[in-house]
Amino acid sequence: TRSTRPQRLLKVVQKHATRGDPQSVISAIDHFCRRSEWAMNIGDEKGSILDSVVSELNPEKVLELGTYCGYSTVRIARLLPPGARLITLEFNADYAAIARQVIAWVGLEDKVQLVESASEDWIPRMTEHFGIETFDFVFLDHWKDRYLPDTKLMEGCGLLRKGTVLLADNVICPGVPDYLEYVRNSLSYKSCYFKSHLEYSKAEDGLEKKSVFLG
Ligand SMILES: O=c1[nH]cnc2c(O)c(F)c(-c3ccc(F)cc3)c(-c3ccc(F)cc3)c12
Ligand SMILES: [Mg+2]
């Protein structure tokens with residue numbers, strides 16, 4: 001039967017990227033998605049914004065909601081200091097299987113822990129299972145209807161501290177109006193919008209960054 005899109009992305013990585021070289025994986029995927037087949041990786045334009053937020057923050061404990069094929073996982077993990085840890089949650093088993101192989105290809109397994117689970121099932125288990133009290137950085141890139149409930153769940157589980165930065169993809173396309181309304185109006189967040197474009201496209205999209213105040 002026909003291969004899946006994630007399988008085709010993995011093949012591109014194994015054919016054109018160099019083992020242990022995260023930048024070559026990023027470039028191989030971006031080239032393929034721009035020239036051959038679109039896929040919902042954050043991409044190079046929004047990815048550069050993600051890079052600058054991570055580099056400025058230098059986080060030790062990172063949570064990514066939505067792994068897909070591991071493109072943004074690799075983008076983030078390649079910038080983390082030694083000893084830092086990235087936990088990434090992926091609900092879709094096919095995506096998780098591909099992402100594990102991409103993460104292994106770049107040799108970032110020691111920094112990255114992929115959990116195949118619905119976000120709401122594992123957010124409450126972060127402390128007892130991973131010994132993580134609070135996260136320094138959270139990247140939301142899973143499903144638009146989960147951004148707000150999962151943010152409230154993270155708050156409720158005490159996983160967000162003063163200064164925790166949350167960065168959300170796709171706040172314009174497909175859009176997360178309830179989430180934007182919440183974080184832009186809530187007194188416990190300062191937020192800013194990075195205007196950009198939908199990956200590998202001319203359509204508008206953007207990232208919303210919020211620093212948690214709590215209050
Ligand atoms: O679901 C997502 N999660 C994370 N990132 C995503 C992302 O970066 C995207 F660009 C899209 C997207 C946007 C526009 C479009 F036309 C197709 C897909 C989606 C998405 C949106 C609606 C769906 F029905 C399926 C996928 C996602
Ligand atoms: Mg996205």
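Note: hydrogens, waters and symmetry copies are ignored here, and every other heavy atom, side chains too, is used. Counting convention: from 1, in listed order, for ligands and their atoms alike.
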Quiz prompt | Y182 six-ring centre to K152 NZ/CZ under 6.0 Å and within 45° of normal | solution = yes
Exercise. Give the minimum heavy-atom separation between S72 and E64, together with the two atoms involved.
Key: OG-OE2, 2.6 Å
Quiz item: Between R75 and D44, which heavy-atom pair has the shortest distance, and what is it?
Solution: NH1-CA, 3.8 Å
Quiz prompt | C173 neighbourhood, listing ligand 1 atoms whose heavy-atom distance to it stays under 4.0 Å | solution = 14 (C)
Practice problem: Ignoring angles and geometry beyond distance, decide whether D169 reaches within less than 3.5 Å of ligand 1 through its nitrogen or oxygen atoms. | Solution: yes
Exercise. Check ligand 1 against N170 and write out every atom of the ligand that is under 4.0 Å from a heavy-atom position of the residue.
Key: 4 (C), 5 (N), 6 (C), 7 (C), 8 (O), 9 (C), 10 (F)
Self-check item: Test item: protein heavy atom less than 4.0 Å from atom 7 (C) of ligand 1
Solution: yes
Practice problem: Report the part of L198 in contact with ligand 1, treating N, CA, C, O as backbone and CB onward as side chain, heavy atoms under 4.0 Å; options are side chain, backbone, both, neither. | Solution: side chain
Self-check item: Identity and separation of the nearest protein heavy atom to atom 21 (C) of ligand 1
Solution: P174 CG, 3.5 Å
Practice problem: Taking the Mg ion (ligand 2) as the vertex, measure the angle between atom OD2 in D169 and atom OD1 in D141; round to 10°. | Solution: 90°
Practice problem: Please state whether the separation between the Mg ion (ligand 2) and some N/O/S atom of S72 is under 2.8 Å? | Solution: no
Quiz prompt | Polar atom proximity, N41 to ligand 1 (N or O, under 3.5 Å) | solution = no
Quiz prompt | Min N/O separation E199 to ligand 1 under 3.5 Å | solution = yes
Quiz item: Side chain, backbone, both or neither: which part of W38 has a heavy atom under 4.0 Å from ligand 1?
Solution: side chain
Practice problem: Show the numbers, then the answer: is there a side-chain contact (heavy atoms from CB on, under 4.5 Å) between L180 and Y193? | Solution: CA-CA 10 Å; L180 284 186; Y193 172 63; 6.0 Å; no
Quiz prompt | Check: F135 main-chain N/O paired with T164 side-chain donor or acceptor under 3.5 Å | solution = yes
Practice problem: Provide, to 0.1 Å, the distance between atom 26 (C) of ligand 1 and the closest protein heavy atom, together with that atom's residue and name. | Solution: M40 SD, 3.8 Å
Quiz item: Salt bridge between R184 and E208, side-chain N to carboxylate O under 4.0 Å?
Solution: yes
Exercise. Write down the atom of V102, the atom of V25, and the distance for their closest heavy-atom approach.
Key: CG1-CG1, 4.1 Å
Quiz item: So which heavy atom in the protein is nearest atom 22 (C) of ligand 1, and how far is it from that ligand atom?
Solution: W143 CZ3, 3.8 Å
Quiz prompt | Identity of the nearest option to atom 2 (C) of ligand 1, non-hydrogen atoms only, from H142, K144, R146 | solution = H142
Quiz item: Which residue, V53, L80, L86, L63, forms the side-chain contact (heavy atoms from CB on, under 4.5 Å) with F137?
Solution: V53
Self-check item: Side-chain donor/acceptor of E90 to backbone N/O of T67, under 3.5 Å
Solution: yes
Practice problem: Answer with yes or no whether G66 contacts ligand 1, where contact means a heavy atom under 4.0 Å from a ligand atom. | Solution: no
Exercise. Could you tell me how the ring of W122 sits relative to the ring of H129: parallel (under 30°), tilted (30 to 60°) or perpendicular (over 60°)?
Key: perpendicular
